[in-house]
Student: 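Structure incoming, see below.
Starting from 1, each residue takes its place in the sequence as its number. Source: prediction; values computed, not measured.
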Amino acid sequence: LTYVVVRPRFGGAVALAAAALFATAPWAVLYARHLWQQDYLPLVTVLLLWSLLAVLERDDTRVALFVPVLFVAAFQLNLSAVALIIPIGALLAYRARDVNWRAAAVGVAIGLLSLGSWLAHNARHGFRDFRLIVDNGRGHGGAVSGEIPRAGPAGAGEMGKKIESNWLP
């Protein structure tokens, strides 16, 4: 699929190199050894790349519907996909006059519907997941020597608790 998406835009040699690098990346090998939700991330990101290239190349295309839907799907598969908001925002800002905003709005609505149960769960629990991301964004809040600070009231009093791991001293 990478080859099919890249070849018409950059040529056969670049498409072959991109597909080979994508197929032999260490994370692709790692994900192939287990059944994880991230297994579908390469498929979603290639489809997202296709939709972004279509929005870049065509005026007023309805493919803009797939950009937010695929972004939300990637975000649900792995939180690291949040970083894609920067190139997506840059592309949409660059093509603002030529984007089919009605299709993009429908895509946003579909994406929010697919996030509904997850957002409802987080709302019931005070958005604890978001707080943990913000509080621990720099690697467990900068804790050293196996100590991890716990965010929020649920972890109160657990400061200094030793992590059971073979990775820390």
Side-chain angles (χ1 to χ4, degrees), residues 1-10 14-15 18-19 21-23 25-141 150-155:
L1 188 58
T2 304
Y3 183 83
V4 171
V5 170
V6 174
R7 185 172 181 267
R9 293 158 179 92
F10 302 105
V14 172
L21 288 171
F22 201 38
W27 53 267
V29 174
L30 175 69
Y31 291 162
R33 302 185 81 190
H34 303 284
L35 185 59
W36 294 344
Q37 75 272 14
Q38 291 99 325
D39 293 346
Y40 299 103
L41 194 58
L43 174 65
V44 171
T45 54
V46 169
L47 291 173
L48 180 60
L49 174 66
W50 168 78
S51 64
L52 289 171
L53 289 171
V55 168
L56 184 63
E57 296 167 349
R58 301 182 213 154
D59 291 343
D60 199 36
T61 180
R62 284 183 243 149
V63 174
L65 177 138
F66 295 112
V67 173
V69 171
L70 291 168
F71 170 70
V72 168
F75 171 79
Q76 289 179 7
L77 292 172
N78 193 317
L79 192 58
S80 66
V82 171
L84 293 173
I85 197 72
I86 295 169
I88 290 170
L91 178 87
L92 293 177
Y94 175 71
R95 296 284 293 174
R97 292 184 180 154
D98 301 317
V99 171
N100 184 336
W101 290 108
R102 185 171 296 154
V106 170
V108 168
I110 293 170
L112 288 175
L113 282 174
S114 70
L115 278 177
S117 63
W118 182 74
L119 286 172
H121 171 78
N122 272 294
R124 269 181 276 160
H125 296 283
F127 292 97
R128 185 172 186 272
D129 290 341
F130 293 104
R131 284 195 325 244
L132 287 172
I133 292 167
V134 171
D135 292 344
N136 296 328
R138 295 184 313 145
H140 302 299
R150 304 286 185 204

Student: Start with the C-alpha distance between Leu70 and Val44, add both sets of side-chain angles, then the distance that settles side chain to side chain contact (heavy atoms under 4.5 Å, CB included), and finish with yes or no.
Tutor: CA-CA 6 Å; Leu70 291 168; Val44 171; 4.3 Å; yes

Student: Could you tell me the separation between the CZ atom of Arg124 and the CG atom of Leu119, rounded to the nearest 0.5 Å?
Tutor: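 One gets 11.0 Å once the value is rounded to the nearest 0.5 Å.
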
Student: Is any side-chain heavy atom of Leu1 closer than 4.5 Å to one of Leu47?
Tutor: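 A side-chain contact under 4.5 Å exists here.
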
Student: If the test is side-chain contact (heavy atoms from CB on, under 4.5 Å), which one of Val5, Val55, Val6 qualifies with Trp50?
Tutor: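 Result: among Val5, Val55, Val6, Val5 is the only option passing the side-chain contact (heavy atoms from CB on, under 4.5 Å) with Trp50.
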
Student: Minimum heavy-atom separation for Ser51 to Val67, with atom names?
Tutor: OG-CG2, 3.7 Å

Student: Could you check whether any side-chain heavy atom of Leu52 comes within less than 4.5 Å of a side-chain heavy atom of Pro87, counting everything from C-beta outward?
Tutor: no

Student: If I compare all heavy atoms of Ala74 with all of Leu84, which pair ends up nearest, and what's the gap?
Tutor: CB-CD1, 4.5 Å

Student: Could you tell me which non-hydrogen atom of Gly107 sits nearest to which non-hydrogen atom of Pro68, and how far apart they are?
Tutor: C-CG, 3.4 Å

Student: To the nearest 0.5 angstrom, please state how far the OG1 atom of Thr45 sits from the CZ atom of Phe22.
Tutor: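 Rounded to the nearest 0.5 Å, the OG1-CZ separation comes to 4.0 Å.
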
Student: What are the two closest non-hydrogen atoms of Leu65 and Val69, and how far apart are they?
Tutor: O-CG2, 3.4 Å

Student: Looking at side-chain heavy atoms only, is the closest gap between Tyr94 and Leu56 below 4.5 Å?
Tutor: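 Counting from C-beta outward, Tyr94 and Leu56 do come under 4.5 Å.
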
Student: For a quick test of reading the model, state the closest non-hydrogen atom pair linking Ala54 to Thr61 and the distance between them.
Tutor: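 Minimum heavy-atom separation between Ala54 and Thr61: O-CG2, 3.9 Å.
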
Student: With rounding to the nearest 0.5 angstrom, report the CG to OH distance, Leu77 to Tyr40.
Tutor: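 It comes to 9.5 Å.
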
Student: Output the distance between atom CG (Leu48) and atom CG (Leu43), rounded to the nearest 0.5 Å.
Tutor: 11.0 Å

Student: Please check if the number of heavy atoms outside Arg62 that lie under 6.0 Å from its CZ is greater than 12.
Tutor: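 12 or below, so no.
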
Student: Got Leu92 and Trp101 here, is their nearest side-chain heavy-atom distance under 4.5 Å?
Tutor: yes

Student: Is the shortest side-chain heavy-atom distance between Asp60 and Asn100 below 4.5 Å?
Tutor: yes

Student: Is any side-chain N of the basic residue among Asp59 and Arg95 closer than 4.0 Å to the acidic one's carboxylate O?
Tutor: yes

Student: Taking all heavy atoms of Val99 and all of Ala64, pick out the closest pair and write down the distance.
Tutor: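 Shortest heavy-atom separation between Val99 and Ala64 comes out as CG1-CB, 4.2 Å.
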
Student: Examine distances only and state if a side-chain atom of Gln76 and a backbone atom of Ser114 form a donor-acceptor pair shorter than 3.5 Å.
Tutor: yes

